[in-house]
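One structure below.
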Protein chains: 2
Amino acid sequence: MPVTIVDVARKAGVSTATVSRVLHKSPKVDATTRARVRETLEELGYSPNIPARSLVTKRTRTVGLVITTIADPFFADIVRGVEDVAIENDYGVILCDSNADPEREMATIRLFQEKRVDGIIVASSRVGDLYLGLLEKTKVPVVLVNNEKTGSYVYSVGTDDVAGGEMATEYLIQLGHRRIGYIAGLADAKSTYDRLTGYRQALRKHGLPFDSSLLAPGNARPDGGLSGMNQLLTDCPSLTAVFCYNDLTAIGALKALRIAGKSVPDLVSVMGYDDLLFAAYSEPPLTTIEQRKYDLGAIAMRMLLDLQSGVESVSNNVLEPRLVIRESCSPAKS
Amino acid sequence: MPVTIVDVARKAGVSTATVSRVLHKSPKVDATTRARVRETLEELGYSPNIPARSLVTKRTRTVGLVITTIADPFFADIVRGVEDVAIENDYGVILCDSNADPEREMATIRLFQEKRVDGIIVASSRVGDLYLGLLEKTKVPVVLVNNEKTGSYVYSVGTDDVAGGEMATEYLIQLGHRRIGYIAGLADAKSTYDRLTGYRQALRKHGLPFDSSLLAPGNARPDGGLSGMNQLLTDCPSLTAVFCYNDLTAIGALKALRIAGKSVPDLVSVMGYDDLLFAAYSEPPLTTIEQRKYDLGAIAMRMLLDLQSGVESVSNNVLEPRLVIRESCSPAKS
DNA sequence: GGTTGATGTGTAAACGTTTACATCAGCAAT
DNA sequence: ATTGCTGATGTAAACGTTTACACATCAACC
């Protein structure tokens, strides 16, 4: 039913090869034929069949994108970055929300393989070592976001989370805080540990002891922040500041503090991470560490594009985080 | 390089037709051959080439999804719904963030066409009438989310926004409010007007006059809520409640009120719409109208699936909104 | 011991492209 | 008049599947 290249060829009185050539702007075609073919293309409303083309070119102009969950605005921005550069280059993005479910992730990877995507971007912080091997076997280039496992065909782009964690903690220390809590993210995410490492480095640098009772588990979501903060409040009533794995965790912590009647930042300072849209709208507005979320996605996609076109110089990228000061942190009362 | 069906056929000593048959669980194949082929499939690590298959079946097992912007968590939930049922059925979803840019939307639709998607879900509230015609021409089924333009090949699923707007407004009226503002969403979105219609219906029902100075423009984002609220505060200082197009608008309004020193809900009640994750975490927690965002996406995808399998009974769906009472609205002080 | 029917398997065409190679026309140089 | 180019175009194979159709085998029947 849809019009094919042979319909066009017949109507324009040329061969399919010629039509294909004008479609690809090949120089080897006479100006008048080109014009005639163009006209016929237009007239018939031809639309190329990409799957058919892929069969011979072995390129699908499609990439796969795996993320932990689109419900987290942090990932939403990464997706935007990927999308934007993809569409600019006539690429399609197949999105897959892994929901942190390993089985689901495997299904996703299998789907990507079967669809013969040209590359895969994985922004699911947990990157099964399980399937990294599987990925390498397929020989399709992979770019990891905020994760640094490497191997052949595997590249990465990320934020320096150790530096971010250190920056956040150091700011609190400089405000005079001595008892600073940390509410963690997903237990198996690299970023959770990197930020914790930064936190410990800052403490050490300033000669402060590390006290594991100041650590609370979280889940990178508000409910985890709420429960983590509650735990901290009972375990360490003396704390005066808390560094949260991310902004979602922070708004949970803010709620816990509000319920407990501890005013922020007067009694407790709260530091977030990510600088999501709503960070500027919370009460109080959140002091946080900015990650260039959009750029993370855009760069990842560009790396894939470079890889496609054979640019060998693709290097692993690390972006620097930045402190954004708002009103949720204030000097410690002595 | 990758192993094909003929590699498998050769190695298993059968024809490609037979391999294809076991791949499709056709009953017409002997148990022992089936076992042998299965084994070979496994051994060689065969992965079907979907683009090649599509060429003959004319099905790509891929759908296109257009949304206004993934930065709005409302759409993120729709995406989750679509994704979930898609992957369950071995479908891939090509996501496209239109950014409310018509040119971009056209590029997207073209891409979808060329990739020969099996169906398209449009959750971009503005649905160019421009390209609806274009869509019909391609004869690929389309499901519109929260939008009701209809035509052949076009189906829809949405929330009853008029009812939602009425429900929100009526609740405020019942709390004793008489001067109720409305901060709008994107100017060309149907939902903006539907919710406004509901608002007006509620006023009429209760014999309250409609006063256009109680209307402020917005943009479905926090900054629009902030400026809209500021406008309302200067134009109508007597208002005691405001109905916001969505929760994002509401958090902007909350911030404006905080800055103006008007306490919520004591002096001004604020009503949201959508019931996003953070609605329960704002200060004060937001009273809002819940939309079944996830279901909107899941149903849309299921409709597409039904359409694929020739189920003719696909009907347009409308979901009922629900009032979620938290703490941002209280009885009007008399 | 044919005929029938069922069952399992193979053959080959088709899907819509791209592209290596062949062909051809025109023309300049010999 | 032949040769050799050059540039434009056509021919046909290839990509990896699915599937209509044909074929072969075998059991069961009269």
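Quick note on labels: first sequence line is chain A, next is B, and so on, each numbered from 1. If you're wondering where the values come from, they're calculated on a predicted model, not measured in any experiment.
Nearest nucleotide to the side chain of S15(B), out of dC15(D), dT17(C), dG10(C): dG10(C). Distances were taken from every side-chain heavy atom of T57(A) (C-beta onward) to each of dA8(D), dT18(C), dA12(C); the shortest belongs to dT18(C). In this structure, the nucleotide among dT18(C), dG10(D), dG10(C) sitting nearest to the side chain of V14(A) is dG10(D). Side-chain proximity of A52(A) to dT17(C), dG16(D), dG10(C): nearest is dT17(C).
By the 4.0 Å N-to-carboxylate-O rule, R104(B) lies close enough to D84(A) to be salt-bridged with it. Of the charged side-chain nitrogens involved, none lies within less than 4.0 Å of a carboxylate oxygen, so that R53(B) and E114(A) do not count as a salt-bridged pair. A salt bridge does not link D7(B) with K11(B): none of the charged nitrogens is closer than 4.0 Å to a carboxylate oxygen.
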**OP:** For side-chain contact (heavy atoms from CB on, under 4.5 Å), just list the numbers for Y91(B) and L304(B), CA-CA rounded to whole Å, side-chain angles, deciding distance to a tenth of an Å, and then say yes or no.
**Re:** CA-CA 11 Å; Y91(B) 266 71; L304(B) 239 32; over 6 Å; no
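S20(B) has a side-chain polar atom (N or O) that falls below the 4.0 Å cut-off from OP1 or OP2 of dT18(D). OP1 and OP2 of dA8(D) both lie 4.0 Å or more from every side-chain N or O belonging to T18(A).
In this structure, CZ of R53(B) is placed 18 Å from P of dG16(C), rounded to the nearest angstrom. At whole-Å resolution of the value, CZ in R61(A) and C1' in dT17(C) are 15 Å apart. Atom pair R59(A):CZ and dT19(C):P shows a separation of 11 Å (rounding to whole Å applied). As a whole-Å value, the separation of L23(A) CG from dT19(C) P is 12 Å. Following rounding to the nearest Å, L55(B) (CG) and dA13(C) (P) show an atom-to-atom distance of 17 Å. Residue K58(A) contributes atom NZ, which lies 12 Å from atom P of dT19(C) at whole-angstrom precision. Here the P atom of nucleotide dT18(C) and the CG atom of N49(A) are 10 Å apart, to the nearest Å. At whole-Å resolution of the value, CZ in R21(B) and P in dG8(C) are 11 Å apart.
Heavy atoms of other residues, nucleotides or ligands lying less than 6.0 angstrom from CD of E43(B) number more than 12.
To the nearest 0.5 angstrom, L55(A) atom CG is 10.5 Å from R116(A) atom CZ.
For the contact set between residues 32-47 of chain A and DNA chain D, defined by any heavy atom under 4.0 Å, the members are T33(A).
Contact annotation: the side chain of V318(A) never approaches that of T159(A) to less than 4.5 Å [non-hydrogen atoms, C-beta and beyond].
Nearest-nucleotide positions on DNA chain D for T16(A) and D30(A) put D30(A) closer to the 5' end.
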